[in-house]
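Encoded as structure tokens, the structure appears first; notes follow it.
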Amino acid sequence: MAKVIDKPTTIKRPIKRPIKTPDEYNDLVILQRIVVNAKRIGDLEYAEMAQARIDYLNNGMREELRTEFKRIMRVYEEFPSEKNTRLTPAAYTWRKKVASKGEKQTMIDWSRSKLPAEGFTALAKVGKIEDTAEYLIISFPNDFPSDVVQLAQRRIDRENRIQNQGGLS
């Protein structure tokens, strides 16, 4: 009869966590890496904390930010209404996206898209950059992932350069 040999047990070392808590991070890429690594070493509590922060960054919005988002959407809806002399509601696809993904994720998606949103372009042409989602993102940089803030800033800077060049011609 064959003798059964027990597998050697591994020595468990205490888990050493980083100095910063997940709540101190705003970068989704770093937080995703924290989740993966924490699960890999078996620190499920820390992985859960990092995942909660990811969820907050994707979904959570302060009331002040939500109020400003609603304000800029009213401005965007009023802008074509002035031109058309009748109420022109925001596009159906915009409303559907906000309903399914939420205001914050909608702004993140707009900022990450290769082309600026129709509302950004329309408002920028008449000098209302401060009424765009990109401006809102750079006004609340701690509420958004760092790459989104950088993309929004680049889009605004690019539009300002275009407006300045157009004004000089």
Side-chain angles (χ1 to χ4, degrees), residues 9-77 90-91 93-124 127-163:
T9 58
T10 57
I11 299 172
K12 289 207 171 202
R13 291 179 282 160
I15 297 171
K16 193 172 184 181
R17 290 183 175 174
I19 295 170
K20 289 171 91 175
T21 65
D23 287 340
E24 296 177 58
Y25 291 97
N26 289 321
D27 193 331
L28 290 174
V29 174
I30 292 172
L31 285 164
Q32 204 62 39
R33 199 173 311 134
I34 289 171
V35 170
V36 169
N37 288 333
K39 285 180 178 178
R40 182 180 49 79
I41 64 171
D43 190 354
L44 299 180
E45 179 186 5
Y46 200 73
E48 217 173 271
M49 289 166 50
Q51 187 61 50
R53 178 66 177 164
I54 290 170
D55 294 343
Y56 171 76
L57 288 174
N58 282 332
N59 301 320
M61 267 177 89
R62 290 188 288 152
E63 197 54 42
E64 182 183 7
L65 181 57
R66 180 169 279 119
T67 303
E68 280 299 301
F69 179 78
K70 288 176 182 176
R71 183 191 65 76
I72 66 169
M73 287 302 107
R74 276 193 312 274
V75 168
Y76 172 64
E77 285 184 327
T93 53
W94 168 78
R95 289 185 181 280
K96 191 173 179 180
K97 182 171 186 161
V98 169
S100 68
K101 291 190 169 193
E103 296 104 334
K104 187 171 187 176
Q105 189 59 47
T106 299
M107 287 190 286
I108 289 171
D109 291 350
W110 284 341
S111 184
R112 286 182 174 156
S113 70
K114 297 227 183 271
L115 297 172
E118 184 181 317
F120 176 84
T121 306
L123 291 167
K128 291 188 171 189
I129 289 269
E130 67 279 353
D131 292 325
T132 64
E134 286 78 359
Y135 191 83
L136 192 57
I137 289 169
I138 64 168
S139 298
F140 292 87
N142 293 329
D143 291 302
F144 294 94
S146 58
D147 70 308
V148 171
V149 175
Q150 291 170 354
L151 290 168
Q153 184 66 57
R154 267 190 245 146
R155 183 163 289 154
I156 289 172
D157 292 344
R158 187 177 319 121
E159 189 60 38
N160 284 335
R161 278 193 306 276
I162 291 169
Q163 294 299 323

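Everything numeric here is computed off the predicted structure, so don't read it as measured data.
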Could you measure the distance from the [atom1] atom of [X] to the [atom2] atom of [Y]? Nearest 0.5 Å is fine.
| X | Y | atom1 | atom2 | value |
| --- | --- | --- | --- | --- |
| Phe140 | Glu68 | CZ | CD | 5.5 Å |
| Ile30 | Asn37 | CD1 | CG | 12.0 Å |
| Gln105 | Ile108 | CD | CD1 | 4.5 Å |
| Tyr25 | Gln32 | OH | CD | 14.0 Å |
| Ile34 | Asp43 | CD1 | CG | 11.0 Å |
| Asp157 | Glu134 | CG | CD | 12.0 Å |

Next on the checklist: Under the criterion side chain to side chain contact (heavy atoms under 4.5 Å, CB included), I'd like the reasoning laid out for Arg155 against Ser113: C-alpha separation, chi angles, the key distance, then a yes or no.
Outcome noted: CA-CA 11 Å; Arg155 183 163 289 154; Ser113 70; 4.0 Å; yes

Next on the checklist: Glu159: which residues meet the side chain to side chain contact (heavy atoms under 4.5 Å, CB included) condition with it, sequence neighbours left out?
Outcome noted: Phe120, Ala124, Ile129, Ile162, Gln163

Item to check | Partner residues of Glu103 under the side chain to side chain contact (heavy atoms under 4.5 Å, CB included) criterion, sequence neighbours left out | outcome: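 Scan of Glu103 (side chain to side chain contact (heavy atoms under 4.5 Å, CB included), adjacent residues dropped) gives Met61, Arg66, Phe69, Lys70, Val98.
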
Next on the checklist: Please determine whether side chain to side chain contact (heavy atoms under 4.5 Å, CB included) holds for the pair Arg74 and Arg71, giving the CA-CA distance in whole Å, both sets of side-chain angles, and the decisive distance to 0.1 Å.
Outcome noted: CA-CA 5 Å; Arg74 276 193 312 274; Arg71 183 191 65 76; 3.8 Å; yes

Checklist entry - Is it the case that more than 12 heavy atoms not belonging to Glu130 sit under 6.0 Å from its CD atom? => result yes

Item to check | OH (Tyr135) with more than 12 external heavy atoms under 6.0 Å | outcome: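 Open.
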
Quick one: does [X]'s side chain get under 4.5 Å of [Y]'s, heavy atoms only?
| X | Y | value |
| --- | --- | --- |
| Thr21 | Arg53 | no |
| Lys39 | Val35 | yes |
| Leu65 | Phe144 | yes |

Checklist outcome for this item: In short, Ile137 meets Met107 closest at the heavy-atom pair CD1-O, 3.6 Å

Next on the checklist: Ignoring hydrogens, what is the shortest heavy-atom contact between Pro22 and Ala50? Give both atom names and the distance.
Outcome noted: CB-CA, 3.6 Å

Item to check | Residue that, paired with Thr132, satisfies side-chain contact (heavy atoms from CB on, under 4.5 Å) out of Leu123, Thr121, Ile138, Val75 | outcome: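 Answer to the side-chain contact (heavy atoms from CB on, under 4.5 Å) test with Thr132 among Leu123, Thr121, Ile138, Val75: Leu123.
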
Checklist entry - Is Ser111 reaching over with its side chain to a backbone N or O of Leu151, donor-acceptor style, under 3.5 angstrom? => result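 Such a contact is absent between Ser111 side chain and Leu151 backbone.
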
